[in-house]
Amino acid sequence: MAAYEPWSAPKALQIIDELKSLEGPALPILHAMQEAFGYVPEPAIPMIAEALTLSRAEVHGVVTFYHDFRSEPAGKRVLKLCRAEACQAAGGDALAARAEAALGIPIGHTTADGRVTFEPIYCLGLCATAPSAMLDGRVVGRLNESRLDALVTEAKQ
Amino acid sequence: MSMRVYIPRDAAAVAVGADEIAVAFEAVAAKRGIALEIVRTGSRGMCWLEPMVEVATTNGRVAFGPATVEDAASLFDAMMADGPHPLRLGIADELPWLKRQTRLTFKNCGVIDPRSIDDYKAHDGYKGLLRALSLGTDGILDDVTKSGLRGRGGAGFPTGIKWKTVAQTSADQKYIVCNADEGDSGTFADRMIMEGDPFVVIEGMTIAGVAVGATRGYIYIRSEYPHAIVAMNAAIKAARRAGFLGKSVGGSAHAFDMEVRVGAGAYVCGEETSLLESLEGRRGLVRAKPPLPAHQGLFGKPTVINNVLSFAAIPFILDGGAKAYSEFGVGRSRGTMPLQIAGNVKHGGLFEVAFGLTLGEIVDDIAGGTFTGRPVRAVQVGGPLGAYFPRALFDTPFDYEAFAARDGLIGHAGIVVFDDSVDMSKQARFAMEFCAIESCGKCTPCRIGSTRGVETIDKIRKGEQVAANIAVVEDLCNTMKFGSLCALGGFTPYPVMSALKHFPEDFGAPSRLQAAE
Ligand SMILES: Cc1cc2nc3c(=O)[nH]c(=O)nc-3n(C[C@H](O)[C@H](O)[C@H](O)COP(=O)(O)O)c2cc1C
Ligand code: SF4
Ligand code: FES
């Protein structure tokens with residue numbers, strides 16, 4: 001489980017300063033923001049825009065285009081379940097339904113207590129040990145009902 | 001007493017417990033008072049046997065698997081004694097699944113320590129680059145062209161021609177970009193080679209740099225691959241330290257250096273121009289071609305952009321292997337292809353082989369059918385934009401043109417097997433849904449057509465005006481096929497139409513399409 005720092009403009013400036021001399025710095029900066037704060041806070045956008053001489057709308061457009069970047073903090077744990085074809089072929093649909101029931105939310109949502117964000121992911125490259133999932137940074141393969149249940153329990157803790 | 005064991009660090013092995021097994025082995029060794037050396041390798045690609053652990057013996061490496069933490073002590077003892085064990089598989093190199101392959105690109109994967117450039121060099125590493133440096137541009141281009149290598153990212157464009165175009169375009173700066181976005185479901189060869197033999201990718205990119213006169217490279221890795229990102233970063237550092245990246249590559253007058261860039265979860269960014277937009281820091285909107293990236297690519301400069309496997313095939317080809325490479329394969333599909341066998345299969349994993357096996361041989365023979373034990377009903381080849389093949393087409397040879405002739409594509413060679421519990425109208429719906437989720441939004445047929453496709457297939461699935469709605473889907477597919485800028489919108493019709501054509505019964509339309517044939 002990752003521990004994030006609260007929003008801080010000096011920290012954001014530091015990230016921007018460290019990375020802005022890269023060729024094509026926008027994605028590295030956004031990734032670093034998300035790594036630091038857990039999401040890309042709204043006040044970071046004008047700061048990035050100014051440093052990269054872009055409009056706010058352009059930076060905002062980049063943030064919203066990519067599935068990875070969050071505009072809101074996620075739950076404490078992020079459980080991603082692969083919903084792509086190889087995992088479907090290996091029984092992934094039933095597992096997705098089971099996890100939704102266990103968490104009490106549809107995929108793509110965060111539990112009311114803010115503990116778990118449950119998201120679809122389209123292929124983790126673990127398609128020969130399917131079905132697959134990722135809990136925060138940890139990959140888990142060969143899911144079956146009991147392995148999934150254990151993962152959901154761990155996520156809810 | 002001492003013992004050396006090999007435990008994969010490959011993400012697929014880690015996902016089924018390889019790290020825990022390494023820890024358990026350490027504990028057993030400490031208890032037994034034996035000096036244990038653990039080498040964390042890539043995977044040999046026999047994923048159903050992962051975690052597969054190997055021990056060094058005088059007869060070669062002996063493999064055991066699939067291992068569990070509970071087996072660690074008994075495995076350890078059997079390895080020490082070179083004795084029997086229920087999980088003992090035999091000499092790794094002699095295992096039939098490996099012996100049947102022609103491993104040119106993957107020959108070191110699962111064998112060497114991916115963190116050690118010395119190990120790489122001890123296994124023919126950097127011989128290709130050294131020869132390339134002595135050949136110069138024309139000689140390199142000759143070899144790449146002679147090998148018959150076609151891009152492994154999906155489109156199958158001849159690599160030699162692409163490189164030649166960039167070499168002939170003059171500019172103050174040129175780039176080498178490696179496409180490691182590997183978004184196709186059912187594919188993992190790029191991930192495996194990056195984790196198991198990252199230097200071969202770096203060497204291939206470096207040779208490209210020398211050939212076309214590019215000094216900077218980027219490898220764009222999808223964020224879903226954290227292990228590959230770590231492995232590539234470590235290897236780049238090691239290559240720099242050893243003088244294979246930097247101002248004077250291998251002591252030559254050529255400069256070349258590279259860095260990793262991480263994607264952000266957009267499938268369309270695997271499309272080459274979208275990837276370049278993303279590298280430049282913008283939304284991944286597909287660019288219209290021309291200009292080709294070879295003329296105006298990254299930051300408007302001439303750019304070679306190739307798939308990971310295309311670059312990884314290069315060191316073998318440049319190490320005197322061009323002719324040998326071209327002698328494998330069939331028709332215009334030369335060389336070997338790392339097949340990725342996945343989904344509901346008994347024996348899933350990576351199988352590198354010359355082009356030309358039939359789909360039936362791959363699915364029934366190599367993959368051994370389904371792990372559920374039920375009959376195979378459909379096989380999707382080539383990722384989410386690839387067609388579904390029924391058993392009736394299992395005689396199709398694995399070859400770019402043969403698949404195209406049957407309204408399919410081999411793409412990045414992902415092969416996803418489904419048993420008879422699959423509902424093909426659901427799969428068709430998913431193809432449309434995936435296109436709607438991932439569309440970059442630039443063209444209407446892709447953006448709107450896919451959403452309409454989902455709605456219409458939902459109606460069919462509910463039994464509403466089935467024949468009329470099937471006609472609507474066919475119409476939408478036609479519009480998408482001919483009105484889309486890139487293959488996301490343009491090829492989504494392949495899975496949809498193949499499902500309709502070969503499995504009409506799943507759409508409540510038993511004979512309509514069959515009768516039309
Ligand atoms: C929607 C879409 C996704 C693609 N995804 C990838 C990918 O993940 N990896 C890749 O190498 N090529 C991908 N391609 C193909 C690239 O556009 C391009 O053809 C390839 O990178 C060229 O390299 P190659 O000649 O070595 O195959 C994709 C194409 C499309 C239309
Ligand atoms: S077909 Fe779809 S993904 Fe491709 S350019 Fe058009 S809108 Fe973008
Ligand atoms: S399709 Fe699920 S991991 Fe690849």
Side-chain angles (χ1 to χ4, degrees), chain A residues 19-20 22-32 34-35 40 48 52 54 58-69 80 82-94 119-134 136-143 147, chain B residues 11-12 14-16 45 47-48 50 182-188 190-192 216 223-228 261-267 269 278-285 298-299 340-345 348-350 371 380 383-384 414 416-419 422 426-427 430 434 437-438 440:
Chain A
L19 298 172
K20 72 175 180 205
L22 293 176
E23 288 186 319
L27 260 65
I29 289 175
L30 291 171
H31 274 303
Q34 185 146 311
E35 226 160 81
V40 182
I48 298 170
L52 307 186
L54 296 169
E58 279 170 307
V59 178
H60 182 76
V62 175
V63 174
T64 50
F65 181 85
Y66 295 96
H67 300 304
D68 280 3
F69 297 132
K80 298 183 182 188
C82 177
R83 299 296 293 118
E85 287 93 334
C87 289
Q88 294 167 11
D93 291 357
E119 291 178 336
I121 192 165
Y122 296 96
C123 194
L124 288 158
L126 310 171
C127 333
T129 46
S132 323
M134 192 185 230
D136 297 324
R138 192 176 97 232
V139 287
V140 187
R142 265 182 223 144
L143 285 175
R147 277 169 73 82
Chain B
V14 168
V16 293
C47 291
W48 76 99
E50 293 292 3
E182 197 165 61
D184 287 359
S185 51
T187 69
F188 44 85
D190 297 351
R191 181 187 62 67
M192 270 185 65
R216 291 191 65 80
S223 61
E224 293 86 346
Y225 283 1
H227 303 78
R261 283 297 166 87
V262 179
Y267 174 75
C269 286
S278 182
L279 271 179
E280 291 181 16
R282 284 190 287 273
R283 293 180 293 156
L285 296 186
L298 188 59
F299 303 111
Q340 298 130 79
I341 304 170
N344 187 346
V345 280
L350 184 127
F371 74 67
Q380 188 179 29
V416 176
V417 177
F418 292 78
D419 74 11
V422 68
K426 197 169 165 189
Q427 297 311 120
F430 177 75
F434 185 74
I437 295 170
E438 299 297 339
C440 85

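Labels below follow one simple rule: chain letters A, B, ... track the order of the sequence lines, proteins then strands, and each chain is numbered from 1.
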Can you tell me which portion of A:R138 sits under 4.5 Å from chain B's heavy atoms? Options are side chain, backbone, both or neither.
neither

Out of B:C269, B:G183, B:G383, B:G284, which one racks up the most heavy-atom pairs below 4.5 Å with chain A?
B:G284

Check each atom of B:C440 against the heavy atoms of chain A and say whether the ones under 4.5 Å are side chain, backbone, both or neither.
both

So how far is it from B:R216 CZ to A:E23 CD, rounded to the nearest 0.5 Å?
4.5 Å

From the list B:G45, B:G348, B:S185, B:G349, the residue making the most non-hydrogen contacts under 4.5 Å with chain A is B:S185

Kindly assign one of parallel, tilted or perpendicular to the pair A:Y122 and B:F434, based on the angle between their ring planes and the thresholds 30° and 60°.
perpendicular

Side chain / backbone / both / neither for B:E50 at chain A, heavy atoms under 4.5 Å:
both

Can you name the nearest heavy-atom pair linking A:C123 to B:G186, along with the distance?
SG-N, 4.0 Å

Could you tell me which portion of B:Q380 (side chain, backbone, both or neither) has an atom closer than 4.5 angstrom to a non-hydrogen atom of chain A?
side chain

Among A:A26, A:A130, A:G91, A:G141, the residue with the most heavy-atom pairs under 4.5 Å to chain B is A:G141

Between A:F65 and B:S278, is there a side-chain heavy-atom distance shorter than 4.5 Å?
no

Given heavy-atom pairs under 4.5 angstrom as the criterion, report whether the side chain, backbone, both or neither of B:V262 touches chain A.
both

Report which part of B:I437 has an atom under 4.5 Å of a heavy atom belonging to chain A: side chain, backbone, both, or neither.
both

Considering non-hydrogen atoms only, spot the tightest contact between A:A89 and B:G343 and give its length.
CB-CA, 4.1 Å

Please report the interatomic distance OH(B:Y225) to CG(A:L124), rounded to the nearest 0.5 Å.
8.5 Å

If every non-hydrogen atom of B:F418 is compared with every non-hydrogen atom of A:E85, which pair is closest and at what distance?
CZ-O, 3.7 Å

Atom of B:R283, atom of A:Y66 and distance for their closest heavy-atom approach
C-OH, 3.8 Å

Does any backbone or side-chain atom of B:D184 lie under 4.5 Å from a heavy atom of chain A? Answer side chain, backbone, both or neither.
backbone

Side-chain contact test, heavy atoms from C-beta onward, threshold under 4.5 Å: evaluate it for A:H67 versus B:E438 and give yes or no.
yes

In terms of heavy-atom proximity below 4.5 Å to chain A, should B:P384 be classed as side chain, backbone, both, or neither?
both

Kindly give the heavy-atom pair with the smallest separation between A:A84 and B:F430, and that separation in Å.
CA-CZ, 4.2 Å

Would you check if the side chain of B:R191 reaches a backbone N or O of A:G125 as a donor-acceptor pair within less than 3.5 Å?
yes

Test item: B:R261 side-chain N/O and A:L27 main-chain N/O as donor-acceptor pair under 3.5 Å:
no

Contact class of B:V16 relative to chain A, heavy atoms under 4.5 angstrom
both

Can you see which heavy atom on B:E224 is nearest to which on A:M134, and at what distance?
O-CE, 4.2 Å

Using a cut-off of under 4.5 Å on heavy-atom pairs, state which of B:A266, B:G265, B:G281 scores highest against chain A.
B:G265

